[in-house]
Amino acid sequence: MNKKQVIKVLEEIATYLELKGENPFKISAYRKAALALENDDRSMQQIEDPASLKGIGKGTAQVIDELLETGESVLLNTLKAEVPEGLLALLKLPGLGGKKIAKLYQELGVVDLETLKQACMAEQVQALEGFGKKTEEKILKAVEASSQRPEQFPIEYMLKLSAQIEVVLMNIPAIDRYSKAGSLRRQKEMMKDIDYVIATEQPHEVAEAIKEGLEVSEVTGQGETKMSVILKDEWGVSVDFRFVTEAEFATALHHFTGSKDHNVKMRQLAKAQGEKISEYGVENEETGERLTFTSEKAFFAHFGLCEIPAEIRMGREEIAEAAEREAFDFVTVNHIKADLHMHTTYSDGAYTIEEMAEAARHKGYDYIVITDHSKSLRVAGGLDEKRLLQQREEIERLNANYGSAFKIFAGTEMDILSDGRLDFSNETLEALDFVIAAIHTSFSQDEATIMRRLRQAMENPHVRLIAHPTGRIIGRRKGYAVNMELLIQWARETGTALELNANPSRLDLTSEWVKRAQDAQVKLAINTDAHSLDMLDDMPVGVTAARRGWIRPETVLNTMSRGRFEAFIKEPKNA
DNA sequence: GCCGTTTTCGGCCCGACTGTTTTCAGTCG
């Protein structure tokens, strides 16, 4: 059994204990044990004594040892025999937790969604102690909605909704300031809902104005300090607004940004020095005095930490690292000097070379690379050698006008054909400034075939970058079968860079893999792959994804100055 | 179930809101 499987069993045990209405601390002990394994970089085999990890004690270590020896857990098997499997789905219904589900099971014989629905319709649920008419109605509604609604939504969709929300927030005068919080601020790839923290002296007025301005289908909660609504969008996404005073804003923002695990660790740290963290500030447990902070940076500084970027607050090693460092020296949008991957009307882009160049120049970039598709990708209007040459001539004319103010480099996003051949000859590639290679066809080939294709591209002396290395679309398409460890190793051996595609539905490579790539001294490029002017605006999403992977500016090709980049593309690969 | 430069027992992160209750448990983030 590998570590992933062991983690899964520990989490399963926790879930079953929850369904039994067990002691919450016992439940979280199993979750903590799973987390301890997950946060350790070693493989299961490399961890000699699991009990030596913080969070794993006698009981959980015994389960782990048993799993490694026999491949199963008596405890889990017993739980499974005791608790109907159909109850697992009930935990996902809002308003239902382990205690209530245990009661429904014991008193009414509810075993799954269907029997729960029947119990509600027979009005048996409202008769239970601790339940009532309203609860029964809520449960029934939730059961009916559960069949059609995904649990989590891709970031691309949530970013669009949040842009609409912010148009409303921006125009409410009673709001002093606001910020995204939660998973959206941490830029998780998939998330359940959207969170905002709002500084205001008039929470009631703001709540009313939000309800007025947004298309809301239901207000699911409203109190003095918070409001939760369901949007009238395709899926009925839920949005939480937290209202705080200006003084509380920094601690509230930290609190509602999470992650939960990060917050737990911060609070333990505070507790060890006699303080208590809440969304309202940091309280001295002895004197009761409460401190607030002007920024998250000041908040972290109070605990002897440098500012921890929101996107790495996962409750892993970031707090220990923050105690050691002056700052996290990650890449920022300001480091980005260029975009190395974009399309024009020559292939499937919506704007001309000049229009793309002008938009990039207005973003403050110093250079760009035009990389239209190559001839085999007919659906995208890929360029043949003749059109490529014409394009190059147009680029030279535009460059002549720019003088030293800006530069357009001529490139291609060359197709790696299904049989591994490349779409252009070396003679053609030699005439280009920057060559990207990518897979666009035959996604379902087996790993060996896909890897052979990638290998051939990487071995080519002109191919500088592999674009969107897995081809996934978040929440929709898994991507092709890439052995990522091998790909990173080859990238290192051949001096080929890998792309972090900034398109919010791609973000490919993931943060975990760009981190591994950086550790292997592989260069990365953060590119928008823009097919239109507004897609050039995706760069910050890509940069944040890179920061999630702890990427430093020197790892990223497009942080190079133009002069440095020109020298770089003249050097042979692996120089 | 885990943990202890206060501790081998008694805590375990903290607070808001809802719906059920007459003072609070359960759920959520």
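Within every chain, numbering begins at 1; the chains are lettered A, B, ... in the order of the sequence lines, protein sequences first and strands thereafter. Please read these numbers as outputs of a predicted model, since none were measured by experiment.
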Of all pairs that satisfy side-chain hydrogen bond (donor to acceptor under 3.5 Å, both in side chains), the ones with a partner from residues 228-251 of chain A, not counting sequence neighbours | A:Tyr157-A:Asp233, A:Arg177-A:Glu246, A:Ser228-A:Asp240, A:Arg242-A:Glu279, A:Thr245-A:Glu248
Should A:Tyr196 be listed as having a side-chain N or O under 4.0 Å from OP1 or OP2 of B:dG29?
-> no
Counting only heavy atoms not in A:Glu317, do more than 12 fall under 6.0 Å of its CD?
-> yes
In this structure, are over 12 heavy atoms from other groups packed under 6.0 Å from A:Lys515 atom NZ?
-> yes
side-chain hydrogen bond (donor to acceptor under 3.5 Å, both in side chains) contacts in which one or both residues fall within residues 196-206 of chain A, not counting sequence neighbours | A:Glu166-A:Tyr196
Taking any strand in view, what nucleotide pairs with B:dG1 in a Watson-Crick or G-U wobble way, both distances under 3.5 Å?
-> B:dC12
Any A:Thr135 side-chain nitrogen or oxygen under 4.0 Å from OP1 or OP2 of B:dT20 = yes
Student check: side-chain heavy atoms of A:Ile155 and A:Gln187 closer than 4.5 Å | yes
In short, ring-ring contact (aromatic ring centres under 6.0 Å, His included) pairs touching residues 255-289 of chain A with sequence neighbours left out are A:His254-A:His262
Across all chains, not counting sequence neighbours, the ring-ring contact (aromatic ring centres under 6.0 Å, His included) partners of A:Phe243 are none
Rounded distance in Å - NE2 (A:His262) to P (B:dG29) | 19 Å
Just wondering, are more than 12 heavy atoms of other shown residues or ligands nearer than 6.0 Å to CD in A:Glu208?
-> yes
Before accepting this row, confirm whether a basic side-chain N of the pair A:Glu512/A:Arg516 lies closer than 4.0 Å to the acidic partner's carboxylate O.
-> no
Of all the choices, B:dG1, B:dG15, B:dG26, which nucleotide is nearest to the side chain of A:Glu279 once you look at every atom?
-> B:dG15
side-chain hydrogen bond (donor to acceptor under 3.5 Å, both in side chains) pairs touching residues 535-545 of chain A, sequence neighbours excluded, are A:Lys363-A:Asp537
For DNA chain B, determine which residues of residues 225-242 of chain A have any heavy atom closer than 4.0 angstrom to one of its atoms, and list them numerically.
-> A:Thr225, A:Lys226, A:Arg242
Residues in side chain to side chain donor-acceptor pair (under 3.5 Å) contact with A:Asp195, at least two apart in sequence or another chain | none
Neighbours of DNA chain B within residues 295-320 of chain A, by heavy-atom distance under 4.0 Å = none
Base, sugar-phosphate, or nothing: which does A:Leu96 touch, judged by heavy atoms less than 4.0 Å apart?
-> sugar-phosphate
Touch class at under 4.0 angstrom, heavy-atom based, for A:Pro94 against every strand present = sugar-phosphate
Nearest-angstrom distance, C1' atom, B:dC3 to B:dT8 = 9 Å
Integer-rounded Å distance: B:dC14 P and A:Glu275 CD = 12 Å
Touch check for A:Phe256, heavy atoms < 4.0 angstrom, all strands: base, sugar-phosphate only, or nothing?
-> nothing
Just how far is it from atom CG of A:Leu76 to atom CG of A:Leu10, taken to the nearest 0.5 Å?
-> 9.5 Å
Is A:Glu218 salt-bridged to A:Lys141, cutoff N-O under 4.0 Å?
-> yes
Could you give the distance separating B:dC2 and B:dT7 at their C1' atoms, to the nearest angstrom?
-> 14 Å
Have a look at A:Glu18 and tell me which of A:Arg31, A:Lys26, A:Lys99 forms a side chain to side chain contact (heavy atoms under 4.5 Å, CB included) with it.
-> A:Arg31
Pairwise C1' distance, B:dT6 and B:dG11 [rounded to whole Å] = 13 Å
For atom CZ of A:Arg290 and atom C1' of B:dG15, their distance in whole Å | 10 Å
Identify whether any heavy atom of A:Lys276 sits under 4.0 Å from a base atom; if not, whether one sits that close to sugar-phosphate; answer base, sugar-phosphate or nothing.
-> sugar-phosphate
Counting any heavy atom closer than 4.0 Å, what does A:Gly182 reach on the DNA or RNA strands: base, sugar-phosphate only, or nothing?
-> nothing
What nucleic acid atoms does A:Leu17 come within less than 4.0 Å of, heavy atoms only: base, sugar-phosphate, or nothing?
-> nothing
Can you tell me, in whole Å, how much space there is between the P of B:dT20 and that of B:dG15?
-> 26 Å
So, A:Arg313 and A:Ser259: side-chain donor and acceptor under 3.5 Å apart, yes or no?
-> no
Nearest-nucleotide 5' precedence on DNA chain B, A:Gly95 against A:Ala29 = A:Ala29
Touch class at under 4.0 angstrom, heavy-atom based, for A:Lys100 against every strand present = sugar-phosphate
Residue-level proximity of residues 58-90 of chain A to DNA chain B when a heavy atom falls under 4.0 Å | A:Lys58, A:Gly59, A:Thr60
Going by an N to O cut-off under 4.0 Å, is there a salt bridge joining A:Lys133 and A:Glu136?
-> no
B:dT18 to B:dT23 separation - C1' atoms, rounded to the nearest Å | 15 Å
Syn or anti for B:dT7, taking syn as within 90° of 0?
-> syn
Closest-nucleotide 5' rank along DNA chain B - winner of A:Leu91 and A:Gly221 = A:Gly221
Of all the nucleotides listed (B:dG26, B:dC3, B:dA16), which has the minimum atom distance to the side chain of A:Lys54?
-> B:dC3
Pair A:Lys265 + A:Glu318: basic N to acidic O under 4.0 Å | no
In whole angstroms, the gap separating P of B:dT27 from NZ of A:Lys92 amounts to 16 Å
Contacting residues from residues 101-113 of chain A, given that a heavy atom lies under 4.0 angstrom of DNA chain B | none
Gap in Å between the two P atoms, one belonging to B:dC28 and one to B:dT22, rounded = 23 Å
CD1 of A:Ile13 versus P of B:dC2: gap in Å, rounded?
-> 11 Å
For the side chain of A:His255, counting heavy atoms from C-beta on, which of B:dA16, B:dG29, B:dC2 is nearest?
-> B:dG29
So does A:Lys192 get a side-chain nitrogen or oxygen closer than 4.0 Å to the phosphate oxygens (OP1/OP2) of B:dG29?
-> yes
Are A:Thr225 and A:Val244 side-chain neighbours, meaning at least one heavy-atom pair lies under 4.5 Å?
-> no
For B:dA16 versus B:dT21, give the span between their P atoms, rounded off to a whole number of Å.
-> 24 Å
Rounded distance in Å - NZ (A:Lys99) to P (B:dT27) = 7 Å
Set of side chain to side chain donor-acceptor pair (under 3.5 Å) partners for A:Arg477, sequence neighbours left out = none
Nucleotide B:dC14, atom C1' - distance to CD of A:Glu285 in whole Å | 11 Å
Between the protein and nucleotides 5-12 of chain B, are there any N/O to N/O pairs under 3.5 Å, and if so, what are the atom names and distances?
unit_1, atom_1, unit_2, atom_2, d
B:dC12, OP1, A:Lys271, NZ, 3.3

